[in-house]
Asks: 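Quick one: the structure is below, and I'll ask about it shortly.
To find a chain, count down the sequence lines: A is the first, B the second, and so on, and within it residues start at 1.
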2 protein chains.
Amino acid sequence: MGSGKTTSFDIAHRAGVSQATVSRALRDSPLVNPETRERIKKIARELNYQIDRAASRLRSQHSNTLALLFFEDPTSDASQINPFFLSMLGNITRAAARRNYDLLVSFQQLSDDWHIKYEVSNRADGIILLGYGAYSGFKDKVKKLIDADAHFVIWGATGPHLRGHSIGCDNIKGAYDATTHLLSIGRKNIAFIGNKTIDSPEFKQRYEGYCKALTAAGLGIDPELQVYATNQETSGAAAIAELVESGKPFDAIFTASDLIAIGAIKRLRKAGLQIPDDVSVVGFDDIPAASYLSPSLTTIRQDTIAAGQQLVDHVICMINGEVLEPKKVVPKLVIRDSCGGKSSAANQL
Amino acid sequence: MGSGKTTSFDIAHRAGVSQATVSRALRDSPLVNPETRERIKKIARELNYQIDRAASRLRSQHSNTLALLFFEDPTSDASQINPFFLSMLGNITRAAARRNYDLLVSFQQLSDDWHIKYEVSNRADGIILLGYGAYSGFKDKVKKLIDADAHFVIWGATGPHLRGHSIGCDNIKGAYDATTHLLSIGRKNIAFIGNKTIDSPEFKQRYEGYCKALTAAGLGIDPELQVYATNQETSGAAAIAELVESGKPFDAIFTASDLIAIGAIKRLRKAGLQIPDDVSVVGFDDIPAASYLSPSLTTIRQDTIAAGQQLVDHVICMINGEVLEPKKVVPKLVIRDSCGGKSSAANQL
DNA sequence: CAACTTTTTGCAAACGTATTCAGGACCTGT
DNA sequence: ACAGGTCCTGAATACGTTTGCAAAAAGTTG
């Protein structure tokens with residue numbers, strides 16, 4: 001057409017109204033006559049008009065954008081993204097889109113000035129953090145965010161210090177169900193592979209669920225059956241090597257994550273152990289690969305659709321100054337082939 | 001401090017210069033005295049000042065943001081994201097970050113007004129498209145983007161109609177290498193599972209590479225050994241069912257993607273066939289799950305780091321009005337257990 | 001020291017929208 | 001006919017930068 005791009009003034013001119021009315025009409029303001037509104041909208045459509053987001057942001061002082069930040073334990077391989085988080089990505093974008101928010105994605109080393117980079121710079125109204133808080137220094141950085149009144153939500157991490165900023169799965173219940181399932185198919189010596197320190201809040205909770213199930217079954221908790229592992233395949237393999245070498249007998253393992261389970265299974269096989277005949281294995285997360293393995297992996301699925309929705313809704317509420325009590329995402333046991341006993345379970349029915 | 005957020009005026013006031021100088025200093029303009037620049041930068045740092053992106057965008061008319069759009073064959077399950085694309089996501093964000101671009105991510109149904117939604121609205125300066133162009137209507141939509149002078153790059157799809165807008169892997173070479181490998185371990189009747197129609201340009205190229213290898217080896221191309229499949233596990237399984245039922249003998253399959261291979265392997269096993277003893281399998285993509293399978297999957301790896309970098313560099317060049325001849329990403333055969341013959345290959349060395 | 005170039009600065013005008021405020025048009029009831 | 005209300009619209013302004021232009025400051029030359 002004329003010179004540059006179409007603006008709300010062009011629409012206004014064509015419609016014979018003022019620019020202010022166009023702005024109102026396009027935002028469905030009740031202040032504008034329905035007929036006028038439709039006429040304006042029609043013209044806008046015809047001209048392929050789109051509101052200039054930059055101008056809109058500048059004027060209204062909010063970006064309608066969320067930032068999704070991935071962070072991982074800096075000790076792990078940075079080129080490998082945790083598959084579980086990836087599978088959450090899709091659901092988060094969809095949830096954001098439904099709420100008419102854009103999503104900015106970034107992988108970065110954890111730094112304590114995110115809110116500065118994203119909120120202060122008017123790039124995003126809120127931040128969603130995804131990552132296992134599995135290293136020291138994490139707490140301090142989060143505290144800075146809280147002190148700065150940043151709008152952010154963290155997946156998974158817990159603790160009173162981030163009240164209202166955390167959404168997670170009910171890890172204790174998930175781990176309890178997993179362990180109980182192993183007990184129900186007759187396993188007695190169940191090992192826990194993971195990290196039970198506070199450095200990894202989620203893994204710690206999973207350990208608690210494991211203990212709770214054993215206690216509920218009247219069994220003791222054997223420290224020799226607990227082997228440390230970080231959320232990596234290789235770490236899971238190393239843990240099994242250690243366990244096997246110790247000579248301590250075991251007939252099942254519950255791992256704090258699927259990635260650990262995958263490494264563990266490989267190493268178990270290398271040690272000549274059959275799965276599930278000699279050792280039952282249950283993981284946690286239900287990453288896509290879990291069903292592709294053979295034997296396919298029994299695991300705890302986290303509802304990533306609900307999780308994505310919750311994260312998005314929650315951070316948007318914070319942005320709007322509302323308070324929303326976080327609900328825990330419910331975990332679900334997915335029984336596949338890696339722990340056997342399916343037939344016996346079937347018999348019980 | 002005072003009332004609202006810190007602006008460049010505040011900095012200017014403190015530094016005793018004009019706001020214009022602050023703006024220039026922070027952008028490292030050569031027009032400003034080095035000493036003054038450092039003084040201004042120091043103050044900015046102290047005040048935690050961040051340039052307001054909305055204002056910056058509005059004035060400069062570019063967003064320093066790229067949009068990454070995923071699209072999938074609408075016939076496939078929308079909730080499942082192609083794992084190969086997910087593994088590219090990380091590399092694309094990193095490449096974008098290196099170039100100081102933000103990345104907007106979205107999963108949407110393919111529509112022909114992306115450039116309108118993203119570029120016209122000043123949300124992004126350019127678009128990266130990720131997805132198998134495996135359905136009709138795709139070409140028309142892309143043509144509209146070209147006609148609108150949109151800044152975009154597509155991964156994978158090819159053809160003269162999108163000259164300069166496409167970056168891909170050398171699918172023909174990859175498939176050629178895969179097939180040649182199968183031949184080298186003594187396989188004779190190699191089936192192709194995939195889509196050889198123009199609807200799926202990449203799969204078609206992989207089919208061509210397959211044919212080329214067979215021809216180079218002096219073998220014929222048997223239509224009965226070609227079974228249609230889309231990029232899904234279930235489709236791969238169905239294809240194998242069909243092949244087995246046909247009674248046509250085969251001792252190897254080359255699938256157009258790892259997902260297909262995964263479904264194929266499951267179904268082969270169900271048919272009582274041993275892998276790799278009875279049938280060798282080679283996939284394409286090297287998705288994370290490929291190495292977790294048992295037997296682990298021999299496949300063609302695409303260099304996603306180089307690919308991400310290329311996509312980002314390319315679209316940024318388009319934005320800047322430069323012309324960059326796209327380079328093909330080099331595929332690499334990753335030999336694992338699913339095609340056997342490792343020993344025989346080793347013998348040959 | 002004048003004339004001229006180079007470096008460094010400030011002024012002021014955009015960029016395109018959202019929103020406040022004031023007012024016009026149109027009813028309603030008396 | 002007029003006061004009082006409701007509904008709709010337009011003029012004008014502010015959001016915080018970037019950048020063209022002009023001019024001051026500093027340096028160079030004859």
Side-chain angles (χ1 to χ4, degrees), chain A residues 1-41 43-44 47-65 100 116 119-123 125, chain B residues 1-41 43-44 47-65 100 116 119-123 125:
Chain A
M1 310 283 155
S3 44
K5 62 189 274 194
T6 0
T7 73
S8 50
F9 281 97
D10 300 334
I11 312 276
H13 188 252
R14 286 224 187 192
V17 296
S18 74
Q19 180 268 336
T21 303
V22 172
S23 175
R24 282 192 274 253
L26 295 178
R27 317 200 120 258
D28 287 322
S29 160
L31 287 178
V32 61
N33 186 312
E35 279 176 40
T36 321
R37 184 203 307 152
E38 288 315 313
R39 189 158 45 92
I40 291 174
K41 282 195 172 181
I43 295 176
L47 296 187
N48 272 340
Y49 170 78
Q50 290 284 119
I51 293 176
D52 184 306
R53 306 292 276 225
S56 173
R57 286 180 185 201
L58 175 58
R59 172 62 227 232
S60 64
Q61 290 299 328
H62 49 82
S63 61
N64 261 273
T65 300
N100 255 316
I116 294 179
E119 293 199 42
V120 174
S121 71
N122 217 336
R123 295 205 275 187
D125 299 330
Chain B
M1 313 280 152
S3 46
K5 62 190 271 193
T6 3
T7 73
S8 49
F9 280 96
D10 300 333
I11 313 277
H13 189 251
R14 286 222 187 194
V17 296
S18 74
Q19 181 269 338
T21 303
V22 171
S23 174
R24 280 191 274 253
L26 295 177
R27 316 199 123 259
D28 286 322
S29 160
L31 288 178
V32 60
N33 186 312
E35 279 176 40
T36 321
R37 186 202 306 153
E38 288 316 313
R39 189 158 44 90
I40 291 174
K41 282 195 172 182
I43 296 176
L47 296 187
N48 273 340
Y49 171 77
Q50 288 285 118
I51 293 176
D52 184 306
R53 306 291 276 225
S56 171
R57 286 179 185 200
L58 174 58
R59 173 59 227 230
S60 65
Q61 290 298 326
H62 49 82
S63 60
N64 260 273
T65 300
N100 256 317
I116 294 179
E119 294 200 42
V120 174
S121 72
N122 216 336
R123 293 204 277 185
D125 299 329

Asks: Once you apply a heavy-atom cut-off of 4.0 Å, does A/R24 come out as touching a base, just sugar-phosphate, or nothing?
Replies: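 Touches a base.
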Asks: I need the CG-P distance between B/L26 and D/dT19, as an integer number of Å.
Replies: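 Spelled out: CG on B/L26 to P on D/dT19 is 13 Å.
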Asks: Report, one pair per line, the protein and nucleotides 13-16 of chain D atoms (nitrogen or oxygen only) whose separation is under 3.5 Å.
Replies:
| residue | atom | partner | partner atom | Å |
| --- | --- | --- | --- | --- |
| D/dA14 | N3 | A/R59 | NH1 | 3.4 |
| D/dC15 | O3' | A/Q61 | NE2 | 3.1 |
| D/dC15 | O2 | A/R59 | N | 3.4 |

Asks: Does A/K5 pair with A/D10 as a salt bridge, N-O distance under 4.0 Å?
Replies: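 Salt bridge between A/K5 and A/D10, a charged N being under 4.0 Å from a carboxylate O: no.
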Asks: Would you find a donor on one side and an acceptor on the other, under 3.5 Å apart, between the side chain of B/T65 and the backbone of B/S63?
Replies: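 Pair found, side chain donor or acceptor close to backbone of B/S63.
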Asks: With a cut-off of less than 4.0 Å, is there a side-chain N or O of A/S23 near OP1 or OP2 of C/dT17?
Replies: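 False: A/S23 side-chain N/O out of range (4.0 Å or more) of C/dT17 OP1/OP2.
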Asks: Could you tell me whether the phosphate oxygens of C/dT9, OP1 or OP2, come under 4.0 Å of any side-chain nitrogen or oxygen in B/T36?
Replies: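 Answer is yes, contact under 4.0 Å.
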Asks: Can you find a pair of side-chain heavy atoms, one from B/R57 and one from A/R57, that are under 4.5 Å apart?
Replies: yes
Asks: Atom CG of A/N33 to atom C1' of D/dG10: distance rounded to whole Å?
Replies: 15 Å
Asks: Side-chain N or O of B/T21 versus OP1/OP2 of C/dT9: is the shortest distance under 4.0 Å?
Replies: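 So the side chain of B/T21 is outside the cut-off, no N or O lying under 4.0 Å from OP1 or OP2 of C/dT9.
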Asks: Map B/G16 and A/L31 onto DNA chain C by nearest heavy atom, then report which one ends up closer to the 5' terminus.
Replies: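 Result of the comparison: B/G16.
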Asks: Rounding to an integer number of Å, can you tell me how far B/R53 CZ sits from D/dT17 C1'?
Replies: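 Computing the B/R53:CZ to D/dT17:C1' distance gives 12 Å.
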Asks: What is the distance, rounded to the nearest whole Å, between atom CD1 of A/I40 and atom P of D/dT9?
Replies: 8 Å
Asks: Answer yes or no: is there an ion pair linking A/D28 with A/K41, defined by an N-O contact shorter than 4.0 Å?
Replies: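 Salt bridge: yes.
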Asks: Is a side-chain N or O of B/N122 found less than 3.5 angstrom from the main chain of A/R53, in a donor-acceptor match?
Replies: no
Asks: Send over the distance from B/R57 CZ to D/dT19 P, rounded to a whole Å.
Replies: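 Interatomic distance, CZ of B/R57 to P of D/dT19: 15 Å.
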Asks: So, the side chain of A/S60 versus the backbone of A/S56: is there a donor-acceptor pair under 3.5 Å, distance only?
Replies: yes
Asks: Can any side-chain N or O of A/S121 pair as donor or acceptor with the backbone N or O of B/Q50 at less than 3.5 Å?
Replies: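 Such a contact is absent between A/S121 side chain and B/Q50 backbone.
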Asks: Given axes from five pairs at either end, by how many degrees does the helix from C/dC1-D/dG30 to C/dT30-D/dA1 bend, rounded to 10°?
Replies: 40°
Asks: Shortest non-hydrogen contact from B/I11 to B/Y49?
Replies: CD1-CB, 3.7 Å
Asks: Under the 3.5 angstrom rule, does the side chain of B/R39 hit a backbone N or O of B/A15 as a donor-acceptor pair?
Replies: yes
Asks: Over how many whole Å does the gap from A/H13 atom NE2 to C/dG16 atom C1' extend?
Replies: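 Whole-Å distance recorded here is 17 Å.
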Asks: Round to the nearest Å and state the distance from A/I11 atom CD1 to C/dA18 atom P.
Replies: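 Rounding to the nearest Å, CD1 of A/I11 and P of C/dA18 are 12 Å apart.
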Asks: Mind calculating the distance between CD (A/E35) and P (D/dC8) to the nearest angstrom?
Replies: 10 Å
